[in-house]
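Below, chains carry the letters A, B, ... as their sequence lines are ordered, and counting in each starts from 1. Keep in mind that this is a model prediction, so the values were computed, not measured.
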Protein chains: 2
Amino acid sequence: MRIGELARRTGVSIRSLRYYEEQNLLAPQRRPSGYREYEEGDVLVVRRIRTLIAAGLTTELIAQVLHCFRGDAETPEPTCAEMVTELATARESMAAKIEDLRSSQSLLDMIIDAAPKEADEVAV
Amino acid sequence: MRIGELARRTGVSIRSLRYYEEQNLLAPQRRPSGYREYEEGDVLVVRRIRTLIAAGLTTELIAQVLHCFRGDAETPEPTCAEMVTELATARESMAAKIEDLRSSQSLLDMIIDAAPKEADEVAV
DNA sequence: CTAAAGTCTGACGCCGATGTGAGAGTCAAG
DNA sequence: CTTGACTCTCACATCGGCGTCAGACTTTAG
């Protein structure tokens, strides 16, 4: 199928699909005209990509781990031990971000609570 | 004091101090030479700015609410009711971000857990 | 054959706070 | 006076995942 159909079927913009290719997440065939030609399996691949992006992974990291999910292979590739390591690392940094946000939020709460009464001596 | 000293005393880079001025968060005097001349109170102001940035506020929003904390005024300015509204809005969006990150994290957890056994049918 | 719809590459814009570097003027100590 | 440290003002670069426009070509329906 061509890029427009893939976009429709996955709900992902054409621009994004081209971007994923640029990031080596997709590698569609090319027609003589230059048009990209995707296969059925790419629908699933794109969904996986979206899932991983939604999980906060960068396309760079996804490029490294995507092959572990690829194709009809029943068992993950041997490099998938590395994958788990990578993902765990990503998870760690996400946890850190959440912690940052939490403390930021409580800080903001303190400011909000303090404001109405005495706003001149806020948490410094 | 000049910018270098303020940078040292606050732990904020010179670049950032100039940026804060550009964003109307600071308004140092100028020497005939063009050198910025800060006063003691600016040390505290910079710390407040850093606190608010750490709390996830943009410099634009900080510019709107910073005067509520300013100077020796015991009571906040009348516009500080608006301030609380703004801050509350900021807090909302922060809460939303935290929620996003949480769901992303659990999604990542699912992927990690699923990987070692059957990585070909991950949450799509 | 023609027009409309689809696709191509390339490239700039965005957001926000900050790093970095160039080229030039300023200040303080010897 | 000289040197070295400090500061000044532009202004471009960064990060990430896209949006969007321009100009040119391809495909498809009528």
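Checking dT27(D), dT18(C), dC8(C) against the side-chain heavy atoms of Ser13(B) singles out dT18(C) as nearest. Checked against dC18(D), dG19(D), dT26(C), the side chain of Ser33(B) finds its nearest nucleotide in dT26(C). Here the nucleotide nearest the side chain of Arg15(A), chosen from dA11(D), dA11(C), dC8(D), is dA11(C). Nearest nucleotide to the side chain of Ile3(B), out of dT7(D), dT18(C), dT9(C): dT7(D). Nearest nucleotide to the Arg30(A) side chain, out of dT9(C), dT18(C), dT27(D): dT9(C).
An OP1 or OP2 oxygen of dA17(C) is reached within less than 4.0 angstrom by no side-chain nitrogen or oxygen of Tyr20(B). Here Thr58(A) does not reach the OP1 or OP2 of dG16(D): none of its side-chain N or O atoms lies under 4.0 Å away. The side chain of Arg18(B) places an N or O atom within less than 4.0 Å of a non-bridging phosphate oxygen (OP1 or OP2) of dC8(D). Dashed line: the shortest gap from a side-chain N or O of Arg31(A) to OP1 or OP2 of dC25(D) is not under 4.0 Å.
Between Arg18(A) and Glu22(A), no side-chain nitrogen of the basic residue sits less than 4.0 Å from a carboxylate oxygen of the acidic one, so the salt-bridge criterion is not met. Between Arg2(B) and Glu37(B) there is no salt bridge, since none of the side-chain N atoms of the basic residue sits less than 4.0 Å from a carboxylate O of the acidic one.
Counting distance only, with no hydrogens placed and no angle test, the side-chain atoms of Tyr35(B) and the base atoms of dG25(C) include a donor-acceptor pair under 3.5 Å. You won't find any donor-acceptor pair under 3.5 Å spanning the side chain of Arg36(A) and the base of dT7(C), going by distance alone. Within 3.5 Å, no donor on the side chain of Arg2(A) pairs with an acceptor on the base of dT27(D), nor the reverse.
Between the CD atom of Gln23(B) and the P atom of dC15(C) there is a distance of 12 Å, rounded to whole Å. At whole-Å resolution of the value, CD in Glu22(A) and C1' in dT9(C) are 11 Å apart.
Heavy atoms only, all atoms of each residue included: Ile14(B) and Ala7(B) are closest at CG1-CB, 3.8 Å.
No contact: Ile62(A) has no heavy atom under 4.0 Å from any strand. Within the nucleic acid shown, Leu57(B) comes within 4.0 Å of sugar-phosphate atoms alone, with no base atom in reach, counting heavy atoms only.
Annotation: side chain of Glu21(A) is in contact with side chain of Tyr38(A) (closest heavy-atom distance under 4.5 Å).
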